[in-house]
Amino acid sequence: MARIDKKFDKTLDKSRRAAFELLMNVDLDGAYANLEMPKLIERFKLVGRDAAFATELGYGTLRMRGLYDAYISEAADRPLAKIDLKVLNVLRLGLHQIFTLNTPPHAATSETVDLGRAVAGVSTAGFINAIMRKVPDIQLEFSNMSEIETLAIKYSHPTWIVQSFHDLLGDLNEVEDLLKADNSPSRPDYVAWPGKSTLEELEGVRIQGTSFGVMSERTPREIPAIMERRAGVQDRGSQVVAEIFLKTGTNAQESWLDLCAGPGGKAAFLYNNLQQFSPEDTFLANEISEHRADLVRAVIPTQFVHVGPGEEIEGAYDRILIDAPCTGLGALRRRPEARWRKSLDDLKELVKLQKSLLDAGAEHLHGGGVIGYVTCSPHVAETRLQVADFLHRHKEFSLLNVAPYVPQEFQDQILPNGTLQLWPHKNQSDAMFLALLIVL
């Protein structure tokens, strides 16, 4: 939905218009930035540097809004809750240009005031101008805050997330490195699906520690294999855990189940690898959501997709992948709005769901079979504690050490209990967790 006054439409910078609409769509419509931004780029006909600027302005502002809100709170004569959302988002965009994009303050102020007039009315210009002029001179005061609270503001993360990172890493300097990595724009990783495409087609630099992954300067739209659904956009961390899970196969005829298959990245990886290298094996992708099941059907044949809860699946399987719904704290660098959408209440509900999925997996596993439990979160409640609780409830299971299956490049990330935890600041990947659970 357009949120800009038509009479100003032709005079405004299109990149800033697109970035503003991204912020509004995320806030009001619950849009996902990575899905919304390409639509806005197409709608505003942005190409090259203009498209790149709009993306950085929008994504960067979403990431850093916690810090920018702290500055606006200091400069404004009213609480943030009393500032019109359109004006607040205009100001956030303006501050990102000053603090991160190094736009001269006078230029950023002029552009920001113009945008404010267009989206929120002429009467807002004075307020926006005053805030933009005050902010560069403000020194935020951290003396009365804890180190965790200070890092949360400086690096624009909710405090509970920073605390959870510190609980895991135990070192504030390393936590700071992780927060910096979360705030650094990342290019997509690509994966060639065996039998459908080749590494050469993707024209990128091979990702060490993966068999089919590349880094490329090209966008997905510039790569025919991806547009033709013969290759995918998939973070290297997801590639690594999926490939490790595949290595647990015994080369005998086996049955494989992806219990939570949507949106389909790991399902496509598993399916195409099995088709190419273990064609006698069977594969089923299960997804409870019809919409997400459609995404899975777009990358693997429909006959291998089942829609419904895990309890409805019939039969038993030798290998079950549970890529569980989680807080997504491991992918904050790729999902700029995600850090503001999750809470401790969400964590509690997700932990319950993960528990039920693991129980469902246990019900459908053959003797001697393996469950691959994966989360895109390093939070201890979703990883180590979840696994420990499962093993306590299911005495017939034990942990299978991932070490024999992990590429040399990632051996340092094996935890003492034999599970794997990747990190953005160490591995340039999402913070993927993997536990292999084998039934005795």
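Every heavy atom of this structure was used, including side-chain atoms; hydrogens, water molecules and symmetry mates were not.
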Please identify each residue that fulfils salt bridge (charged side-chain N to carboxylate O under 4.0 Å, His left out) with D182, with sequence neighbours left out.
none
Distance only, no hydrogens: is a donor on one side chain within 3.5 Å (strictly under) of an acceptor on the other, for S156 and R65?
no
Within residues 46-56 or reaching into it, pairs that qualify as side chain to side chain donor-acceptor pair (under 3.5 Å) - sequence neighbours excluded:
E56-H96
So that I can tick it off, tell me whether E21 and R43 are bridged by a salt bridge, with the cut-off set at under 4.0 angstrom between side-chain N and carboxylate O.
yes
Just jot down the side chain to side chain contact (heavy atoms under 4.5 Å, CB included) partners of Q208, sequence neighbours excluded, or say none.
R206, E409
So which heavy atom on G368 is nearest to which on V439, and how close?
N-CG1, 3.1 Å
Residues 304-362 vs ring-ring contact (aromatic ring centres under 6.0 Å, His included), sequence neighbours excluded, gives Y271-F304
Taking H379 for its side chain and A381 for its backbone only, find out whether a donor-acceptor pair lies under 3.5 Å.
yes
Residues that L295 engages under side chain to side chain contact (heavy atoms under 4.5 Å, CB included), provided they are two or more places apart
P263, H291
A side-chain contact here means heavy atoms from C-beta on lying under 4.5 Å apart; do Y155 and K180 qualify?
yes
Report yes or no: do N89 and D27 form a side-chain donor-acceptor pair below 3.5 Å?
yes
Partners meeting side chain to side chain contact (heavy atoms under 4.5 Å, CB included) with E363 (sequence neighbours left out)
none
Suppose we screen for side chain to side chain contact (heavy atoms under 4.5 Å, CB included). Which residues come up paired with V387, at least two apart in sequence or across chains?
Y373, L391, L399, F433, A435, L437
How close do A242 and L270 get, heavy atom to heavy atom, and via which atoms?
O-CD2, 4.0 Å
Are more than 12 heavy atoms, taken from residues, nucleotides or ligands other than E314, located less than 6.0 Å from that residue's CD atom?
no
Does a salt bridge link R334 with D189, judged by any charged N lying under 4.0 Å from a carboxylate O?
yes
Looking at Y32, does the NZ or CZ of R341 lie under 6.0 angstrom from its six-membered ring centre and within 45 degrees of the ring axis?
yes
Any ring-ring contact (aromatic ring centres under 6.0 Å, His included) pairs touching residues 405-427, not counting sequence neighbours?
W423-H425
Is a donor from one side chain sitting under 3.5 angstrom from an acceptor on the other, for Q354 and E382?
yes
So salt bridge (Lys or Arg N to Asp or Glu O under 4.0 Å) across residues 164-178, not counting sequence neighbours, yields E174-K426
Hey, are S343 and D345 close enough side-chain-wise for a donor-acceptor pair under 3.5 Å?
no
Set out, in order, the CA-CA distance, both residues' side-chain angles and the distance that settles side chain to side chain donor-acceptor pair (under 3.5 Å) for T150 and E147, then state yes or no.
CA-CA 5 Å; T150 298; E147 291 175 302; over 6 Å; no
Can a donor-acceptor pair be found, under 3.5 Å and without considering hydrogens, that links the side chain of R319 to the backbone of L246?
no
For the residue pair R384 and Q421, confirm or rule out a side-chain donor-acceptor distance under 3.5 Å.
no
Compute both the distance and the angle, then confirm whether K154 meets the cation-pi test with F142: under 6.0 Å from the six-membered ring centre, within 45 degrees of the axis.
yes
Just do the side-chain contact (heavy atoms from CB on, under 4.5 Å) check on T383 and T419 with the steps written out, would you?
CA-CA 9 Å; T383 57; T419 59; over 6 Å; no
I320 side chain near I322 side chain, heavy-atom distance below 4.5 Å:
yes
Any non-hydrogen side-chain atom of W160 less than 4.5 Å from a side-chain atom of L329?
yes
Measure across D235 and D430 and return the closest heavy-atom pair with its distance rounded to 0.1 Å.
OD2-N, 2.9 Å
Listed pairs under 3.5 Å, donor-acceptor, residues 276-284 side chains, sequence neighbours left out:
{"residue": "D281", "atom": "OD1", "partner": "E254", "partner atom": "N", "Å": "3.0"}
{"residue": "D281", "atom": "OD2", "partner": "W256", "partner atom": "NE1", "Å": "2.9"}

Distance-only donor-acceptor check, side chains T159 and E149, under 3.5 Å
no
Do R339 and P158 make a side-chain contact, defined as non-hydrogen atoms from C-beta onward lying under 4.5 Å apart?
yes
Least distance between heavy atoms, S398 atom then L440 atom
OG-CD2, 3.6 Å
Using only heavy-atom distances, determine whether the side chains of S255 and D318 contain a donor-acceptor pair under 3.5 Å.
yes
For residues 237-247, the side chain to side chain donor-acceptor pair (under 3.5 Å) pairs (sequence neighbours left out) are S211-E243, S238-K266
Sidechain N-carboxylate O distance under 4.0 Å for D359, R393:
yes
Nearest heavy-atom pair of L202 and A192: which atoms, and what distance?
CD1-N, 3.7 Å
Between Y68 and S73, does any side-chain donor sit less than 3.5 Å from a side-chain acceptor?
no
Check this for me, if you would: do K39 and E42 make a salt bridge, where the nitrogen-to-carboxylate-oxygen distance has to be below 4.0 angstrom?
no
Quick one: do R297 and E290 make a salt bridge, cutoff under 4.0 Å?
yes
Between N272 and R230, do the side chains contain an N or O donor and an N or O acceptor separated by less than 3.5 Å?
no
ring-ring contact (aromatic ring centres under 6.0 Å, His included) contacts touching residues 163-203 (sequence neighbours left out)
none
